[in-house]
Amino acid sequence: MSFTLSDQDKSTLRTAAYGAVSLMAAAGAAGRPHRIATDGALALASATGLVGHVLAVKAKDIALKGESTAELADQVLPALTAAMSLLTERDPAEAGNFRRTVLVAVEAAARPGQGEPSPTMTEMARKITEALDAAGAAPAGTDRPELRKAMEEIVESGFVGVSLRVHDERGEWTGSAGAAELGGTAKPPENGHVRIGSSTKTFTAALVLRLVAEGRIALDAPVADHLPEFGLDGRITVRMLLQHTSGVFNHTGEVDADGTITPGIPIPYGATGKEWLDNRFASYRPQELVELALSKPARFEPGTSWSYSNTNYVLARLLIEKVTGRSFAEEMRRLIIGPLGLSGTVVPDTSPEIPAPYAHAYYRHEEDGRQETTDITRQNPSWVSTGGDMISTTQDLHTFVSALLGGGLLPAPLLAEMCAPRPTGIPNMDYGLGVFVVSTEGGTLISHNGAAAGHAALMYSTPDGSRTLTAALNCVDDAGLSIAAAFLNAQQRLVGEVFRGGQADPAQPAD
């Protein structure tokens, strides 16, 4: 789409973008404003498309009065929302370009190389993100009764609660149904924190591909070249890890075609689940998870088949840490969380905590002949590591997947590699690099859902990132995965409503 901006429109965009940088400089620690402003302005200069042409001219029409953080915020935050509204109405792709550019500039202004951002800078970064997102909200009074009905049916199917966020041609819509905790009356928070389970894999794959773009990792290089200490098969490449074609045993256990189960470490869905429940605060090192997996026979020759394995993504974590010399969490903040302004996204490592607000997670088990239900909201996720340990929100999941598929994180060739489908044997569902490529009657969707005992997350998008569905669910889980059928139905129900006007489509298996 092509359109013309008036001089006043261009002034609005420049005031908003350079104003955001000025706001970060005003909020910065003493002695750093000039450096902060310089780094942020350099980031703005990297903008492409129509936005790039506008921001390349830092004209004298940028009129900001006052120097204090409060004075600047009063001018800049409304300008950011106005700029996004202007572009969203004319061309949503340019609106996304503007949003990403501003967030990259904000991250550049506050990057760790300058020391830890001050609390005021962190708060301003959050407000800037909110101002950018405010323009995409649906008009006041707009409701989606079909989505409310779908959520209510999901709760009736066995979930404690559900929160939903949809971005489509009708704008942004959010809602929740059910309860935040058993026996309570309060609904789940619409943007609460949730353990996103295997949606973590998309974040991890995107991080690896960012390092590929930086020239730190080669997709088709042998993993053993970087991690020789494990004695990996030399034919296993980085691509195979991200694609689940390595053949490496899944450290959380495998189910063979004949139904035989080969157990791994204690997990919520293994045997009775009681061992995991009793030790849910235990810590595992990623190295020991890999060593356990490699002590088992390989599933197949590298590259010859497909089998979902959490261990592939633990190896990807160790690869990231080896080539960068920094922790996975640090690199995730540097290349994904920081640039996108994902203020609600956490890499917990071994911490059992989850930031408020959140809906509670539960686990049901038998003890002394009685059914007992335990609140497991606090749990140490190191048993799955980067196969599924991250915490996020529906807003951050939307921001992440729309930016990723919209080209805001990866060069076009790498994004194409990420979304290139490889057969899995699952009907209508192929796998790329950290994403499922789902074939529906309404078209292709890119997705990766996740489940982590008592919590679950949905993340779906059209291939261009323009329409998304993200959701958080809380439930009473158990060793028998009795919620699995309801989870599959919930996926089908919501995907049908958002992407196919009420008609159901294939869903991913629970993981």
Side-chain angles (χ1 to χ4, degrees), residues 96 99-100 103 126 129-130 132-133 136-137 147 151 154 161-168 172-176 188-207 313 332-333 335-348 354-355 357-359 361 381 386-406 408-410 418-419 434-436 438 445-452 455-474 487 490-491 494-495 498-499 507-508 510-511:
R99 182 187 186 281
R100 288 189 293 271
L103 290 179
R126 183 185 67 80
T129 303
E130 289 177 350
L132 290 166
D133 291 336
L147 296 181
M151 288 192 301
I154 289 169
V162 57
S163 301
L164 175 65
R165 183 177 302 269
V166 172
H167 283 252
D168 59 14
E172 178 190 64
W173 186 90
T174 63
S176 65
E190 290 187 2
N191 196 41
H193 293 86
V194 62
R195 298 186 188 277
I196 64 172
S198 282
S199 301
T200 301
K201 291 183 174 69
T202 309
F203 283 84
T204 304
L207 180 51
Y313 278 76
M332 186 63 72
R333 285 192 291 268
L335 292 175
I336 307 290
I337 294 175
L340 296 182
L342 304 182
S343 59
T345 299
V346 178
V347 181
I354 182 170
Y358 54 79
T386 38
D389 66 350
M390 287 177 65
I391 294 166
S392 194
T393 65
T394 59
Q395 175 63 67
D396 277 8
L397 290 177
H398 156 73
T399 299
F400 168 67
V401 74
S402 62
L404 174 65
L405 298 177
L409 281 176
L410 299 174
M418 187 178 203
C419 298
V435 293
F436 282 97
V438 186
L445 296 177
I446 304 299
S447 172
H448 211 310
N449 302 329
H455 275 168
L458 305 183
M459 183 173 68
Y460 287 94
S461 177
T462 50
D464 63 355
S466 64
R467 182 187 298 188
T468 67
L469 179 166
T470 56
L473 303 98
N474 59 311
F487 186 42
Q491 295 172 57
L494 292 175
V495 167
V498 175
F499 298 100
Q508 295 173 34
D511 64 345

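This structure is a prediction, so every number in the text was calculated from the model and none was measured. The first residue in the sequence is number 1, and the count goes up from there.
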If I compare all heavy atoms of [X] with all of [Y], which pair ends up nearest, and what's the gap?
X	Y	answer
Thr393	Gly344	CG2-O, 3.9 Å
Val194	Ala456	CG2-O, 3.6 Å
Leu469	Val495	CD1-N, 4.0 Å
Ala451	Phe487	CB-CE2, 4.4 Å
Thr394	Ala472	CG2-N, 3.8 Å
Gly341	Asp396	O-OD1, 4.5 Å

Answer yes or no: is there a donor N or O on one side and an acceptor on the other, between the side chain of [X] and the main chain of [Y], under 3.5 Å?
X	Y	value
Asp168	Arg467	no
Thr386	Tyr313	yes
Lys201	Gly434	no
Ser447	Met459	yes
Thr345	Ile337	no
Ser163	Ser176	no
Ser198	Gly388	no
His455	Ala359	yes

Side chains of [X] and [Y] in contact at under 4.5 Å (non-hydrogen atoms):
X	Y	answer
Thr202	Phe400	yes
Leu164	Trp173	yes
Leu405	Met418	no
Asn449	Tyr460	yes
Thr129	Ser343	no
Leu397	Phe203	yes
Leu458	Leu494	yes
Leu342	Ser392	no

* Asked: Per the side chain to side chain contact (heavy atoms under 4.5 Å, CB included) rule, which among Val498, Thr399, Thr468 passes with His167?
  -> Thr468

* Structure fact -> Rounding to 0.5 Å, atoms CG (Leu410) and CG (Leu404) come to a distance of 5.5 Å

* Euclidean distance, Ile354 CD1 relative to Ile391 CD1, rounded to 0.5 Å -> 4.5 Å

* To do: Salt-bridge test for Glu190 and Arg165: reply yes if a basic N is under 4.0 Å from a carboxylate O, no otherwise.
  => no

* Asked: Will you find, in the side chains of Thr470 and His398, an N or O donor that is under 3.5 Å from an N or O acceptor?
  -> no

